[in-house]
Protein chains: 2
Amino acid sequence: MAARPTSKTSESSDKVSVICRALRRAIIEQALEPGAKLPEDSLGERFGVSRTIARHALGQLAAEGLVELRRNRIAVVATPSWQEARDAFDIRIQLEGLVVRQLAGKLTKAQIAELNAHVDAEDGARGGTDAVSIRLATEFHILLAQMTNSPILVRYVSEVAYRCCLTLSLYSRPHSTECAINEHRAIISTLAKGDETKVMELMHHHLDSVANRALVAPTPQRGRDLLDILAPYADEVTGDRVVKLPKVARRG
Amino acid sequence: MAARPTSKTSESSDKVSVICRALRRAIIEQALEPGAKLPEDSLGERFGVSRTIARHALGQLAAEGLVELRRNRIAVVATPSWQEARDAFDIRIQLEGLVVRQLAGKLTKAQIAELNAHVDAEDGARGGTDAVSIRLATEFHILLAQMTNSPILVRYVSEVAYRCCLTLSLYSRPHSTECAINEHRAIISTLAKGDETKVMELMHHHLDSVANRALVAPTPQRGRDLLDILAPYADEVTGDRVVKLPKVARRG
DNA sequence: AGGCATCAAACTGCATGCAATTGGAGCGCT
DNA sequence: AGCGCTCCAATTGCATGCAGTTTGATGCCT
């Protein structure tokens, strides 16, 4: 009865897809921090597959923006700049606005129940780690997107939501998830009432405040961002490579 | 001076990327129609690389939604359903609204000149084939996106625009590009004037009318769509595979 | 001590080879 | 003829192997 994801975002059940899912999850749960190295060998060994497969998986994740791939270099978990993060949230707002617009007043009772159950789960996880809370919150949005039955929308919302997770782990302070949960509930009930413009407004505000809670300030420079800031300058010199710095500690 | 794509959409200049670009172009110029088969061997042979590379490239294009990959089956150029096409256009409208909103009143003279030059090129290509016109029109939108200097926005706009190209070749009639060109000019000048709301309105209207010109009707069934229509039913039976049909001619 | 050249280990880029699956031609049965 | 079965060529899924590049550690020179 419920719309089943008949077409999973271009991935079946290859070994590649399995690895992608595993890594994706590890990344959004911050088991793998931004900047973490992902050597093909190690991945292959860890997942019991050849380097070929690990490599392919990294390619897919790079296409999603979760991983950065540079020629002849070890792949790393993506480290979006502050500006990119802000852009991602802007896109996300538009996309999810589309989602709730399509969904307003069109949800079945079962779907509403499913959404409420999910938020209950979010609620129940409040005692746990931030990582889990963030994952659940993100999955709420993806669940919503899936209910539109639009594979494309699902894909883009998922991708951009994952990217936002990355961001959260980079720039966010310990942060509070309570209000987010309440906002989720409000969205569900307004969706059920079918008030299209109101729910769009709610979603917009919700995401905007999540973004603002996370991206507190232009973060002059924090941690490894320094390297990112220098990259464009180096671009003019070598085209790709950061000029050798005196001795900035590269963690990892 | 102009903002250069310092970060290409996750692809450097590997052989993989070269093949991706080539195929992408072939697809949007309709040299490869939706449904066309893309065997790894042939691609590898044609581009002078091994199957490994061809395969990897197909994976990337599948992630972009231009190619459909099904386990143990030959990859084919994607055949979006009518509904998917409509969804793609909806997303595109939102995304490009974001683009012009960011750009309004912020373009340099050089950039405006670049845009005008591009539209001149579109104009000059009116005598040529539809495929070239479509490609140029698409590239106009991508050019616009690039000027935002937001890699993420560039990526999504590009992807969704390419998908829309696919759609055009599936559902569109011979069609007229003239008005589109005029609309492009109007967008540029309004962008230059800095009228944010007006340009968003223009872009919205422009894309909407392109979509409507293309997606004339819900197209009950046309050509190979019949197979697509049956797919979900087959899903319940075999999980993936379309039940054997009597004898519908599969072109290709 | 501090900086620079040198070199080996680590890692990526890619091709090739082998097993497993698919699709379709050919053949026999009804 | 129409339908199903068998078998083979075509094709994918994956691992392995080799060559080229990067990393960073060691040792030499100032």
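The shown structure was predicted, so the numbers you read here are calculated from the model rather than taken from an experiment. Numbers restart at 1 for each chain; the letters A, B, ... are given by sequence-line order, proteins then strands.
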Open item on the list: Going by the rule side chain to side chain donor-acceptor pair (under 3.5 Å), which residues pair with A:Gln83 if we only count those two or more places apart in sequence or in a different chain?
Closed with: A:Asp87
Task: Bend angle of the helix from C:dA1-D:dT30 to C:dT30-D:dA1, from helix axes over five pairs at each end, nearest 10° - done: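 Roughly 10°, once rounded to the nearest ten degrees.
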Task: Contacts of B:Tyr156 that satisfy ring-ring contact (aromatic ring centres under 6.0 Å, His included) - sequence neighbours left out - done: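 Counting only residues at least two positions away or on another chain, B:Tyr156 forms a ring-ring contact (aromatic ring centres under 6.0 Å, His included) with A:Tyr156.
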- [ ] Please name all residues satisfying ring-ring contact (aromatic ring centres under 6.0 Å, His included) with A:Phe89, sequence neighbours left out, ordered by chain then number.
- [x] none
TODO: Verify, without hydrogens or angle tests, whether B:Arg155 (side chain) and A:Ala63 (backbone) share a donor-acceptor contact under 3.5 angstrom.
DONE: yes
Open item on the list: According to ring pair (Phe, Tyr, Trp, His ring centres under 6.0 Å), does anything in residues 30-58 of chain B pair up with another residue at least two apart or in another chain? List the pairs.
Closed with: A:His56-B:His56
TODO: Give the rounded distance in Å between these two atoms: CG of A:Asp41 and P of D:dA15.
DONE: 13 Å
- [ ] Mind calculating the distance between CD (B:Glu45) and P (D:dT12) to the nearest angstrom?
- [x] 13 Å
Give a yes/no answer on whether the side chain of [X] brings an N or O atom under 4.0 Å of OP1 or OP2 in [N].
X       : N      : value
A:Lys37 : C:dA10 : no
B:Arg55 : D:dG13 : yes
A:Arg73 : D:dT23 : yes

For the side chain of [X], counting heavy atoms from C-beta on, which of [options] is nearest?
X       : options                : value
B:Ser50 : D:dT22, D:dC14, C:dT16 : C:dT16
A:Thr52 : C:dC14, C:dG13, D:dA15 : D:dA15
A:Arg51 : C:dT12, D:dA15, D:dT12 : C:dT12

Open item on the list: Taking side chain to side chain contact (heavy atoms under 4.5 Å, CB included) as the definition, give me every residue that meets it alongside B:Ala131, ordered by chain and number, with sequence neighbours left out.
Closed with: B:Glu29, B:Thr129
